[in-house]
Amino acid sequence: DAKTTQPTSMDCAEGRAANLPCNHSTISGNEYVYWYRQIHSQGPQYIIHGLKNNETNEMASLIITEDRKSSTLILPHATLRDTAVYYCIVYSGGGADGLTFGKGTHLIIQP
Amino acid sequence: DVKVTQSSRYLVKRTGEKVFLECVQDMDHENMFWYRQDPGLGLRLIYFSYDVKMKEKGDIPEGYSVSREKKERFSLILESASTNQTSMYLCASSPHGLTYEQYFGPGTRLTVT
């Protein structure tokens, strides 16, 4: 599976949009981009995933560049409860495999 | 709303005890997973199951076993607990064909003394 690169940490003001970037320049054509987050002392939480089209759900939007080498997770109106470590992973699907998280981005929402 | 529950939030056991960790999901998901998470080591897969009575070893199955008698329930068993099994244990489930869309329980922090 392709490797991803994310900034170590980011700050965002409460109420503003939080934009979290992810580079996955070696992604292959059948690999999806997935985003998870983990709030301190809680289990990871699935956020969203996509293949090549932009996706939106009740939690976030996922913007994937046309060449699919990078993506951005957007939390439209960040709240203090969005403070967490956010993980971007790529995976081709199929097979019951376990998740493997990199170091992720520690997003801190400032009041 | 998707829900995965785990039997205990915190658990303290003695070395050599047999430990049962229960996980229940209410989404009718085919796939279920047990992970442990340790600082600096990240998330590691212990066992997973893609159907009732089916199980597959993950990356670190030694010292653990699992049971899946019903679709909604996946149990992790520590046959003889040891101090190096002190960890956060996380259960997850996912629908068939969307293996990486996993929904996690709150975790059980197990301490073995």
Side-chain angles (χ1 to χ4, degrees), chain A residues 1-6 8 22 24 27-28 30-53 55-60 62 64 68 71 73 81 84-106, chain B residues 1-6 9-10 21 23 25 27 29-51 54-61 64 66 68 74 87-109:
Chain A
D1 293 325
K3 182 180 173 179
T4 62
T5 305
Q6 299 177 252
T8 303
C22 180
H24 31 80
I27 193 169
S28 59
N30 64 344
E31 287 184 315
Y32 289 77
V33 179
Y34 283 78
W35 283 85
Y36 280 79
R37 72 180 182 184
Q38 189 166 21
I39 296 168
H40 182 62
S41 295
Q42 296 184 23
Q45 181 184 21
Y46 164 80
I47 301 172
I48 199 167
H49 75 278
L51 184 62
K52 49 186 175 182
N53 297 323
E55 303 287 343
T56 295
N57 63 20
E58 65 278 3
M59 287 184 67
L62 174 60
I64 302 174
R68 302 207 328 119
S71 60
L73 179 75
R81 287 178 294 181
V85 180
Y86 287 76
Y87 298 99
C88 165
I89 54 179
V90 294
Y91 182 65
S92 59
D97 295 332
L99 291 172
T100 301
F101 292 151
K103 295 196 182 299
T105 297
H106 188 194
Chain B
D1 195 21
V2 170
K3 198 160 185 183
V4 179
T5 56
Q6 296 183 228
R9 191 78 174 92
Y10 299 94
L21 301 181
C23 175
Q25 51 97 0
M27 289 77 63
H29 284 169
E30 284 77 11
N31 303 318
M32 295 189 75
F33 307 80
W34 274 107
Y35 295 87
R36 62 179 284 179
Q37 188 172 34
D38 302 285
L41 296 176
L43 210 58
R44 293 182 291 170
L45 181 66
I46 304 171
Y47 268 97
F48 62 92
S49 168
Y50 52 87
D51 202 351
M54 307 300 286
K55 60 184 179 184
E56 295 286 342
K57 293 179 180 179
D59 300 319
I60 51 162
Y64 304 94
V66 290
R68 193 164 180 204
F74 192 35
S87 186
M88 170 68 89
Y89 288 88
L90 293 158
C91 174
S93 71
S94 73
H96 176 68
L98 289 171
T99 311
Y100 255 36
E101 187 180 322
Q102 295 185 17
Y103 297 88
F104 284 80
T108 295
R109 187 164 293 282

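When reading the values below, keep in mind they use all heavy atoms of this one structure, side chains included, and skip hydrogens, waters and symmetry mates. Every chain is numbered from 1, with letters handed out A, B, ... down the list of sequences.
Only the side chain of B:R9 comes within contact range of chain A, judged by heavy atoms closer than 4.5 Å. Residue contact with chain A, scored on non-hydrogen atoms closer than 4.5 Å, is absent for B:E30.
The shortest distance between side-chain heavy atoms of B:Q102 and A:Y36 falls below 4.5 Å. Under the 4.5 Å side-chain criterion, counting only non-hydrogen atoms from C-beta, B:Y100 is not in contact with A:Y32. Considering only heavy atoms from C-beta on, B:F104 stays 4.5 Å or farther from A:Y46 through its side chain.
Closest heavy-atom contact between A:P44 and B:L90: CD-CD1, 3.9 Å.
Atom CD1 in A:I48 sits 10.0 Å away from atom CD in B:E101 (nearest 0.5 Å).
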